[in-house]
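Read through the structure below, which is laid out as structure tokens, and then see the notes.
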Amino acid sequence: MSRIVLGVSGGVAAYKAALLLRAFTEAGHDVRVVPTPGALHFVGAATFEALSGNPVTTDVWSDVPEVAHVRIGQEADLVVVAPATADLLARAAAGRADDLLSATLLTAHCPVVFVPAMHTEMWLHPATQDNVATLRRRGSIVLPPAVGRLTGPDSGPGRLPEPADIAALAAVVLESGAAALAQDLVGRRVVISAGGTREPLDPVRYLGNRSSGKQGWALARVAAARGAEVVVVAANVELPAPFGVRVVPVGTAEELRTAMHAEARDADVVVMSAAVADFRPAAVAGAKMKKDSAGEPESVPLVRNADVLAELVTERRPGQLVVGFAAETGDAEADVLTHARAKLARKGCDLLVVNDVSAGQVFGKADNTVVVLAADGSAEEIGPGPKDLIAAGIWTTIAARTTPA
Ligand SMILES: Cc1cc2nc3c(=O)[nH]c(=O)nc-3n(C[C@H](O)[C@H](O)[C@H](O)COP(=O)(O)O)c2cc1C
């Protein structure tokens, strides 16, 4: 059980804070909600008190003998401010202490996560962006807003991410500390391939693989939380898109190849985590192959697909880091890492993230263990743990090898 302070400021999305509070309490945490006076225009204190089981105050003049404005921050293991308004970000950046939440932010020693939500114009305004940069420079985590429907009919970046997504990232910080979401990818453009390609045989059948896209999704989510501009080229991923990320959907290896070449052109980091088919049927039947027809194939001839990772390595621009993934199994010839080292040498990428997929591990599972092999010969084991934690470990390794923006 951890002690979480949930700061809530005065935006329409304050109603989602009740769901986030619920997610935290259901995970077993003790939550103290500290709303601004503005937040209480949107959600009543009784809602936060009933759901948290703790008293709710907004100003420094209540609970004076307890010196709440100092104690609440000092005792917290994590502070999450969701939603964080433009005004709250400005007060925090200026170091103001004129309500209980801003005072708490000045006394917290623990990781602090701001989750901004506001209209696109307010978010993109240089004043807000400067305040975000100041908070990040001082060690706070500022998550990107989601893109989507805002308060009125308009849409764009500025939406509060879904409470379950905020709770998942908060869990990563509670487990691994603020370093897991270090703001070290700000200004970096990251392209990630995720999922598994499908190679059509006829209009209804395909050759596919068992990749769910979960690890690629986690890499995208964590990179965005660390400040990167993220594009995911997603092959057949049936999961809701991570917030703060642009998704380019593809189906086949050839479509993935075209999209990756286009997106990787001006990327600082390229991560090939998708499972791309090595082969595709030589011909795609125009009509469904019938079960008992004379046209029933005796065999399905295959042709080799392009090696997208090797192509991206050949075309990488100066300073670009290319990271490959290898799903390996050991065999009579050699163990997993020996196969993976040979693959790293063959492909020429900077890092190779190795998954041991023997005995049904990894595919579709929530937990994972990987070894990150580097071209300089080093090997680092990350995990076991949930895929978000693995993603955080992988980004720490990548960030250490990229030059700051
Ligand atoms: C209906 C309504 C919705 C608002 N929504 C937002 C919002 O989503 N984000 C934001 O930054 N400000 C929003 N505001 C403006 C803030 O409430 C205002 O800037 C206030 O000073 C914020 O104070 P606080 O951060 O102390 O809660 C909204 C105001 C109103 C009346």
Side-chain angles (χ1 to χ4, degrees), residues 4-21 31-49 51-52 54-63 68-70 72-73 76 79-108 112-136 138 140-166 243-244:
I4 299 179
V5 170
L6 174 58
V8 184
S9 52
V12 172
Y15 75 93
K16 290 190 185 170
L19 298 170
L20 180 58
L21 166 55
V31 188
R32 176 83 193 234
V33 183
V34 183
T36 62
L40 296 185
H41 285 291
F42 295 93
V43 180
T47 301
F48 294 133
E49 288 186 326
L51 290 175
S52 69
N54 281 318
V56 164
T57 47
T58 61
D59 63 68
V60 297
W61 307 112
S62 311
D63 250 350
H69 73 285
V70 176
I72 293 173
V79 177
V80 177
V81 184
T85 59
D87 196 352
L88 189 278
L89 293 173
R91 298 207 302 283
R96 298 277 295 265
D98 44 4
D99 63 10
L100 187 57
L101 178 54
S102 49
T104 297
L105 290 169
L106 288 182
T107 55
V112 176
V113 181
F114 291 95
V115 195
M118 63 199 72
H119 259 83
T120 304
E121 291 85 345
M122 293 175 88
W123 170 246
L124 294 178
H125 194 285
T128 304
Q129 291 299 312
D130 279 356
N131 291 330
V132 168
T134 300
L135 293 168
R136 283 179 163 152
R138 292 187 191 139
S140 295
I141 296 160
V142 184
L143 299 185
V147 178
R149 180 86 191 269
L150 301 171
T151 311
D154 39 355
S155 70
R159 199 178 143 85
L160 191 80
E162 291 313 309
D165 294 332
I166 302 170
F243 67 92

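In listed order, ligands and their atoms are each counted from 1.
Checking side-chain atoms of Arg159 against main-chain N and O of Arg149 turns up a donor-acceptor pair under 3.5 Å. A donor-acceptor contact shorter than 3.5 Å links the side chain of Ser9 to the backbone of Thr85. Looking at Arg96, its side chain never comes within 3.5 Å of a backbone N or O of Leu88 through a donor-acceptor pair. Proximity of a side-chain donor or acceptor of His119 to a complementary backbone N or O of Glu121 within less than 3.5 Å is not detected.
Across every non-hydrogen atom of Leu160 and Val115, the tightest pair is CD1-O, 3.5 Å.
Listed by chain and number, the residues in a side chain to side chain donor-acceptor pair (under 3.5 Å) with Ser62 are Asp59 (sequence neighbours excluded).
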Dump all N/O pairs between ligand 1 and the protein below 3.5 Å as a table: atom names plus distance, one pair per row.
{"from": "ligand 1", "atom 1": "9 (N)", "to": "Ala117", "atom 2": "O", "distance (Å)": "2.9"}
{"from": "ligand 1", "atom 1": "11 (O)", "to": "Ala86", "atom 2": "N", "distance (Å)": "2.8"}
{"from": "ligand 1", "atom 1": "17 (O)", "to": "Gly10", "atom 2": "O", "distance (Å)": "2.6"}
{"from": "ligand 1", "atom 1": "21 (O)", "to": "Asp87", "atom 2": "OD2", "distance (Å)": "2.7"}
{"from": "ligand 1", "atom 1": "25 (O)", "to": "Thr85", "atom 2": "OG1", "distance (Å)": "2.5"}
{"from": "ligand 1", "atom 1": "26 (O)", "to": "Arg91", "atom 2": "NH1", "distance (Å)": "3.1"}
{"from": "ligand 1", "atom 1": "26 (O)", "to": "Arg91", "atom 2": "NH2", "distance (Å)": "2.9"}
{"from": "ligand 1", "atom 1": "27 (O)", "to": "Gly10", "atom 2": "N", "distance (Å)": "2.6"}
{"from": "ligand 1", "atom 1": "27 (O)", "to": "Thr36", "atom 2": "OG1", "distance (Å)": "2.6"}

